[in-house]
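Ligands are counted one by one from 1 in listed order, and the atoms in each one are counted from 1 as well. Everything quoted here is computed from the prediction, not taken from an experiment.
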Amino acid sequence: MKSRECQEACKSLQELQNELMRKSMHVGSLAFAVEGQVKEKTKWFSLLRDLTRKLKIMKMEQIELSKIATDYKKCLSDFSDMSSIIQSTISREVDLHHDLRVKFIEASKDRKILYNKVLELKGNIRVFCRSRPLNADEIASAASMAIDFESAKNGELLVKSSGVSKKVFKFDAVFSPEADQAEVFQDTAPLVSSVLDGYNVCIFAYGQTGTGKTYTMVGTEEARGVNYMTLDELFRLMKNMEHQYQYEVSVSVLEVYNEQIRDLLVSGTQPGISTKRLEIRQVGDGVHHVPGLVEARVKNMSEVWEVLQAGSNARAVGATNANEYSSRSHCMHCVMVKSKNLLNGECTRSKLWLVDLAGSERIAKTEVQGERLKEAQNINRSLSALGDVISALATKSPHVPFRNSKLTHLLQDSLGGDSKALMFVQISPTDDDLSETLCSLNFACRVRGVELGPAKKQVDTTEFLKYKQMVERMKQELKSKDAQVNKMDDVISNLDFRWKETNMKNKLLLEKVKELEMQLHIERKIAQQNTDSKQAGLQQQIRQQQEHATAAARPPLASRPLGLYKNISDQQGETLCKEQANGPGSFAQNNCYKSSDPLAPNTGLVKHIDMIEKENNPDLGELKILPQRTGRASSICMTARRATILSNPRRNSLMPLPNIPTSTQVTTPFLPMHPTRTNDLSNGGYQAECFPQPISEDSPRGLRSGGKKLNSILRRSLQKKIQIKPVIRQQMRKGGVNVGEKIRLSIQGRGRMARRVLLGNNGGRRPDSATLHKHIQEKEKGWNIGTGGRNLL
Ligand SMILES: Nc1ncnc2c1ncn2[C@@H]1O[C@H](COP(=O)(O)OP(=O)(O)OP(=O)(O)O)[C@@H](O)[C@H]1O
């Protein structure tokens, strides 16, 4: 009977071991489920990482776009600054325009006055008469005066001879010998304005030799002549009008000597010897020019003075009876003035002739000979030609013989009908020179009678055309600039729009990311809940299966041997069994059973007692009752601490966790110890150590000794667990874990379901196809290995 009991106990123990195996497998499956969850979690984390990276990229893009937007805002501010600058410039220009208008009005008034004066002149040629003072010889000889300067009024000049009034000449101005240079120039100055207005002007001095022509035109260092004063006035006026006009002045100095043009600004030339032959060319409508003539650009009076001095020094002079330094040529200063009206862009090119004519002389009187005679003949011939020109102009002859002499040819564009001329007729006040004086005065009267007609402004059409083209080009450029500005405006507005659009996109993406984070949070919660519910379901299932297994393994109370309690405590057991046997019902049938393993004499304590049993047998409440949740260690060993499966703590960070191996999270199940066959048949051929010993403080001595054995077994088991654990880890790393001798949980690749592999008796080889098919069916059933595993085992 004992042997049978032992066998039954062994059988029961075997079944319990099987059950334990199944539970272990369940736990393994749970571990895989958890691993799947972890993988899913990792996947979510990687997704979250990608989203975080994208968010970072988008934030960087947003920063860049913000920078671009800032730049564009700066551009816009620059544009506004530029517009303010332009506005200030415009206002300044408006003020300048106002000032110019005022000055223009004033200048118009001046021009009106001049115009009135010109009208009074009856033409544009004026004649001033100036007499030189008596020289030292004349004073010494007490020469009689032929001119009555005292009676000269309003330009009238009374010529007398031997005290008798002979003739009265009318001029525009008559200057007595006492008149100084400034007084003479006072009436000359208005012509300078005409030069700047673009009119050709000719100022020349005519008269008998030694009458003061050079003195009037050139003067001395102490008393500057008309040339200097005119140029000085010219520069003064130019300076006054520099904001309205742009001027360019050049000066040429030449002389007509013996009917040859000689450039006095060419260095190295000797008087009377021309290095190169200069000819007069007509370059335009009424415009004459001497090609090759030096035109010295002058910007101020010091430069002008240098030029004038150079010309004077090079002039051909010689001593005559009438004049120690007689001019033997016509000295001509040509001042070219180019002006540009900055208001209307009008350009003019005017010419001012300042001519110191050679003195007319009576060859018989001066008694010149040789070279001087030739000079005098040429001088007289050219002066005669000038007279002819004047006569032709006075008689309005259709032909004016300008080309009869170099002098008239050069002065053609300044003596014609479209210019203004001023002639100084120089006379000698003495009676001795009366005849020459009368000749000069008659000539001057003829000149004064010439009506040159209205002066014509010398508009430089080439410059005008050039500037007109420039204006057209500027207009075109302005148009293109306007188009560019419009384009820039479009680009700016487009970029602004794009910036706004990108900003909106960024906002939307941020919202999306937030939504995804929320979604991830919710899904994590759901996954956690699913995991918890799955775990709870599995635990419930395990409990149920455990209960079923317990119920199935437990024999009916009536058939349970009382010896069970003997295993606990012989005395108590018998008493208990007796009491239960005497009691109502069948306690022995319901609550008391013996170990099913007949070979385990001291292992009769069943650790699980359900509530019905407890109710039926309150004393059992003092027995060690296993907790409802079965940990693997505690299912084997009562003393072993139950391993709690803890869920992962909640995390606040979205950063993914490292992939922790499942074996560290899930308690590795103990491998059940199977009884080892021995030759000692007293224990049914099994070593007693293979079976757990009951643990009870109230156990009898026999049981206490058995408890000691159980403790040693548990120690060994724990040691084995410690040894096995790394092996299991290795096996799991390799792709599976052996659960018991005959089942191996095979872990497939990532994301795949784990599957069981029957080890069977084929030494760990692959199971046959039938067995596999069966397990596939089990797998499809959802890892319900409660029956299948048991059957297999
Ligand atoms: N208004 C004047 N006041 C003082 N001196 C004068 C005046 N006019 C002429 N003279 C003097 O008379 C002299 C002769 O003058 P100047 O040389 O100017 O005559 P000219 O007409 O140029 O003679 P030429 O035709 O021979 O060159 C000079 O010494 C000059 O200083």
Strictly distance-based, threshold 3.5 Å: is any side-chain N or O of [X] a donor or acceptor partner for the main-chain N or O of [Y]?
X: Ser193; Y: Ala189; answer: no
X: Ser382; Y: Leu407; answer: no
X: Ser397; Y: His399; answer: yes

message: Could you check, using the six-membered ring where one of them is a Trp, whether Tyr228 and Trp305 have ring centers closer than 6.0 angstrom?
response: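 Aromatic pair counts; centres sit under 6.0 Å.
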query: Under 6.0 Å between ring centres, would you say that holds for Phe424 and Tyr206?
result: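 No, the ring of Phe424 stays outside the 6.0 Å limit from the ring of Tyr206, centre to centre.
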query: Which of the atoms in ligand 1, numbered in the order shown and given with their element, are less than 4.0 Å from a heavy-atom of Arg132?
result: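 Listed by number with element, the hits are 8 (N), 9 (C).
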query: Which ligand 1 atoms, with their elements, are less than 4.0 angstrom from a heavy-atom of Gly210?
result: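 By the 4.0 Å cutoff, the relevant atoms are 14 (C), 19 (O), 20 (P), 21 (O), 23 (O), 24 (P), 25 (O), 26 (O).
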query: What part of Gln426, side chain from CB on, backbone N/CA/C/O, both or neither, has a heavy atom under 4.0 Å from ligand 1?
result: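 For Gln426, no heavy atom sits under 4.0 Å from ligand 1.
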Give yes or no for whether the N/O distance cutoff of 3.5 Å, strictly under, is met between [X] and ligand 1.
X: Thr209; result: yes
X: Tyr215; result: yes
X: Asp356; result: no

- prompt: So, does Pro133 sit close enough to ligand 1 that a heavy atom of it is under 4.0 Å from the ligand?
  reply: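 It does, in that a heavy atom of Pro133 comes within the 4.0 Å cut-off of ligand 1.
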- prompt: Considering only heavy atoms, which of Ala179, Gly212, Ala136 lies nearest to atom 16 (P) of ligand 1?
  reply: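 The option holding the nearest heavy atom is Gly212.
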query: Are Asp433 and Arg132 close enough for a salt bridge, meaning some N to O gap below 4.0 Å?
result: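 Salt bridge flag = yes for Arg132 with Asp433.
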